[in-house]
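Some notes on the structure that comes next.
Quick caveat: nothing in here was measured; it's all calculated off a predicted structure. So that the names make sense, note that chain A is the first sequence line, chain B the second, and so on, each numbered from 1.
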Number of protein chains: 2
Amino acid sequence: MPSSGRHDNGSLPPSSIPPSLPAVRLRAAPRTSAGARPALSPPLPSAERGLGAHPWRARAAVAAMRRGERRGPGGALGKAALEEQPDGPGPRRSTESEVYDDGTNTFFWRAHTLTVLFILTCALGYVTLLEETPQDTAYNTKRGIVASILVFLCFGVTQAKDGPFSRPHPAYWRFWLCVSVVYELFLIFILFQTVQDGRQFMKYIDPNLGVPLPERDYGGNCLIYDPGNETDPFHNIWDKLDGFVPAHFFGWYLKTLMIRDWWMCMIISVMFEFLEYSLEHQLPNFSECWWDHWIMDVILCNGLGIYCGMKTLSWLSLKTYKWQGLWNIPTYKGKMKRIVFQFTPYSWVKFEWKPASSLRRWLAVCGIIFVFLLAELNTFYLKFVLWMPPEHYLVLLRLVFFVNVGGVAMREIYDFMDDPKFHKKLGQQAWLVAAITATEFLIVVKYDPYTLTLSLPFYITQCWILGIILVLTWTAWRFFIRDITLRYKEIRRQKQEHKYEKDKCLSNGDGHSSILDEQNGNKLRERKL
Amino acid sequence: MPSSGRHDNGSLPPSSIPPSLPAVRLRAAPRTSAGARPALSPPLPSAERGLGAHPWRARAAVAAMRRGERRGPGGALGKAALEEQPDGPGPRRSTESEVYDDGTNTFFWRAHTLTVLFILTCALGYVTLLEETPQDTAYNTKRGIVASILVFLCFGVTQAKDGPFSRPHPAYWRFWLCVSVVYELFLIFILFQTVQDGRQFMKYIDPNLGVPLPERDYGGNCLIYDPGNETDPFHNIWDKLDGFVPAHFFGWYLKTLMIRDWWMCMIISVMFEFLEYSLEHQLPNFSECWWDHWIMDVILCNGLGIYCGMKTLSWLSLKTYKWQGLWNIPTYKGKMKRIVFQFTPYSWVKFEWKPASSLRRWLAVCGIIFVFLLAELNTFYLKFVLWMPPEHYLVLLRLVFFVNVGGVAMREIYDFMDDPKFHKKLGQQAWLVAAITATEFLIVVKYDPYTLTLSLPFYITQCWILGIILVLTWTAWRFFIRDITLRYKEIRRQKQEHKYEKDKCLSNGDGHSSILDEQNGNKLRERKL
């Protein structure tokens, strides 16, 4: 993807899309306060509201187009919604990319509700009426459940609510939303079984499952240079260089694209190694050599993944988002590029988490990091309690699932957090990911309370207590004490200056103290920001 | 409900809501055709687009508010979407009621995504961790399935896509949408079982089910005045006056509210009696006395239901739709009225099906009548093939379900049909109702192909063939032949008039023939409409 960065330098003739001409134009809605009945006044001319090409407005149009019905190629520009402006210029305005869209919408991007319904009915009719029903009840039950899931996916992919993403196709994201629902319901079912039944239930999915995992020897030799081995003294390192190295790298590359913040990625990456240290007495496969933890995992795999992710992020935030219909592009090369770009986002939002800006954002960011780490731990604990071998395809499928839904969920959480109005809905995918993480954790607790309550070693408990105290202290200082001391200092300074001025006034006679007061007020506000 | 018709006569002080002041004000989006890149022109002043209080625009605002996020009571007017105008003044403009809304939005109407998630997690944790899991696998399986359904409902009620209705609460309609999904998946599961297993499966829901229905004697004495019975010669009539009479009446009252058209209701009502005549050799409980069919069902129960329904419809379409926040209403009586009115629609759309206006609408209306009758027949056949006694609560629940989803589905179908753009999505609830009707029919076919293929008696076959020929002939005449003959006649007339004019011109010398031609063209167009 980064190789397509030339796009920014105008590989399309610059005359074809003058960047100052917004293809999606919107006007502001006159705002009326609740309760007051507005008079029939002529709406404000749009020029007063500083208009048109503004990124925030483009975002509104984008959201509207995504939500709105698709149009035929001969139709007019996609439906544009006029969302009301948030109070004052919010932070979103500066972090959202501008989008140009000529609104072309071909066959592939239209809804095919009736077609899907017709094909579905025909398929059901064929399978159930023309094929003979097997007499095996267990097989039929399984088949009935699979058919129900497929019909649900059909419904969901055609009709579910669209989320924030629309490329390569909104149906793709609707599909993953429906998969989330199915997975969550599966987890709920598992949660309500006894431990025995739950583990044996996995046999219905794969007959090889439902048997206890063999004990494995993890620890091992941690010497980087092993003088005992004559032929290859670095054999310990080569041993660790297995398939998990590219998996770690690629995983963190994708996680960076989800989180879109260098600091948060690094904190989660380091925190997870601390968690591995802390929990290796519970799950033996958390125990690794020190250089495996810090050099190979944090610095090499994760660090490189985060670095590449950040490079991609900066490319994505600089890239121009102009969407033309394939038939409106004259050159063959341009058409090919357009097809490839269908797999890049429709528009881009930089995430500015700003955890220190307010207590609410701080708690939200802490919560996100907590849930993120919990989801990572669930991967390992769930395998352990459900007797899944680490190389089983279900484990891989779960990760593929999380990669696909994680990005949507993180964007929805960011939108929820960043919204100036507190009463916005948390997005559906974020809601589901949170519910899934909670359910997975409940399964782990229910299926193996013994392992989970093995007490931490004393020095680890000490470290965690220290860490928690530091975080709490910082929180208290940043959001409570600092404000108070700042305010106290300002008041004292103001008083002093006031006194000084009074003296000056008394000696001089010209009264511009009110102006100075105002300036002080501004200073105070600046510092608080 | 019709008793509240006083509302129209201004039981609220007329000064409180001047009808000419729209609370929801919108401006038109500048239209841009696809492909053409619009120049950065100043948006048109709204006065040019003839604005503000126009019903259609109010509808756009309504739809937007319904779709948009809810605001706090102190916030501004609900989010207003600027939908693009359909090409030219469509029929919707005249059939949609005007709406005034002050945008007040209290606690009850806000999304509570995080609250629901938190309560759900706590409940799951309590049930699965603190209560002891029973050791009974069958019981746990049932419990797991019920828990999955409940979690799905939680998710859906909080997060599913909103439909066209928003009163008394959008969550109510989301709930029924989710119930539709669950019911459809249940039907799919049943469809994939063998006939034996499927019938026995009903035992899991109610242990009394899964046993063959007793043979019943339907026919009986059809004498209205029975001279043989000395004490009560009208006993045959009293026998028929059971619980089904109010059920018929109430059912048709609700069906009229769904269909919103006198003619379509009457056609469906009469057609159903014909179907009962035609199918009484398959299902004996379709056989009734002639006076039961035509006098008690069609005229008394259905007719009265349709009459009351039409009265309610005319009240609903005349009623003023003004929504004030409860705390903005000064009087106690006004507050009570506002609470009661929460259970009436947010706005009203008259349905004008106009089946004869185009071939597409004609086919659509025929299709709707067909699916409607199929759903009615499914009620009886499904009971029959799944061995459900007619008085079982599941039968009643199915009807309650259909009453709740039918209205939404019909509105969505109307919106789909009435939309000038063909590529709009069919609404989710309509999609599901269609899928459910098809699946129910497939179950009936699969479970009892023998009864369903019992050949029709000869005279009934004749009647149906005659009916089908009549409908096809009318279709051919109305949409193909009539156009051709009309056009031919017009052309002949035009030619004659042209000739006459030429003669006149030759004799007179003044050439206003072109004006006459234009007038003829207008006449032709009028006749075609």
Side-chain angles (χ1 to χ4, degrees), chain A residues 21 23 25 27 29-35 37 40 43 46 69 72 75-77 79-84 102-104 110-111 113-114 117 121 124-125 128-129 133 137 140 143-144 147-148 151-152 159 161 185 188-189 191-194 197 328 423-426 428 431 434 438 442 445-446, chain B residues 21 23 25 27 29-35 37 40 43 46 69 72 75-77 79-84 102-104 110-111 113-114 117 121 124-125 128-129 133 137 140 143-144 147-148 151-152 159 161 185 188-189 191-194 197 328 423-426 428 431 434 438 442 445-446:
Chain A
L21 302 186
R25 293 179 305 168
R27 238 184 284 183
R31 298 225 333 262
T32 53
S33 65
R37 268 180 302 281
L40 215 163
S46 63
E69 282 75 40
L77 182 69
K79 183 198 283 183
L82 216 164
E83 290 181 69
E84 224 190 14
D102 69 357
T104 306
R110 261 176 243 142
T113 46
L114 284 183
L117 185 63
T121 311
L124 283 175
T128 55
L129 302 183
T133 313
T137 305
N140 282 337
R143 222 168 144 221
S148 300
V151 169
F152 177 70
Q159 293 278 9
K161 188 163 71 178
L185 299 187
I188 295 286
F189 182 81
L191 180 61
F192 273 79
Q193 307 311 306
T194 60
D197 286 348
N328 300 337
H423 295 299
K424 220 193 146 184
K425 263 186 165 187
L426 176 66
Q428 51 187 355
W431 197 96
L442 287 177
V445 175
K446 173 169 179 171
Chain B
L21 302 185
R25 291 181 305 169
R27 236 185 286 181
R31 293 218 345 254
T32 53
S33 65
R37 269 179 301 283
L40 215 163
S46 63
E69 281 74 40
L77 182 67
K79 184 199 283 184
L82 216 164
E83 291 182 68
E84 224 190 14
D102 68 358
T104 305
R110 263 176 243 141
T113 46
L114 284 182
L117 185 63
T121 311
L124 284 176
T128 56
L129 303 183
T133 313
T137 305
N140 281 336
R143 225 170 143 219
S148 299
V151 169
F152 177 71
Q159 292 279 9
K161 188 163 71 178
L185 299 188
I188 295 286
F189 182 81
L191 180 61
F192 273 79
Q193 306 312 306
T194 59
D197 286 349
N328 300 336
H423 296 297
K424 221 192 146 184
K425 265 185 164 187
L426 175 66
Q428 52 186 355
W431 197 97
L442 287 176
V445 175
K446 174 170 177 168

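- Counting all heavy atoms, side chain and backbone alike, K446(B) lies closest to T128(A) at CD-O, 3.7 Å.
- The side-chain hydrogen bond (donor to acceptor under 3.5 Å, both in side chains) search around N140(A) returns none, not counting sequence neighbours.
- Nearest approach of T133(A) to F192(B), heavy atoms of both residues: CG2-O, 4.1 Å.
- Here the shortest heavy-atom pairing between F189(A) and S148(B) reads N-OG, 3.8 Å.
- When every heavy atom of I188(A) is checked against every heavy atom of G144(B), the shortest pair comes out as CG2-O, 4.5 Å.
- With chain A as the partner, the residue from A438(B), A147(B), A434(B) showing the most heavy-atom pairs under 4.5 Å is A147(B).
- Judged by distance alone, with hydrogens and angles left aside, the side-chain atoms of Q159(A) form a donor-acceptor pair with the main-chain N or O of L426(B) at under 3.5 Å.
- Contacts of L442(A) with chain B are made by both backbone and side-chain atoms, with heavy-atom separations under 4.5 Å.
- Taking CD of Q193(A) as the reference point, atom OG1 of T137(B) lies at 7.5 Å (rounded to 0.5 Å).
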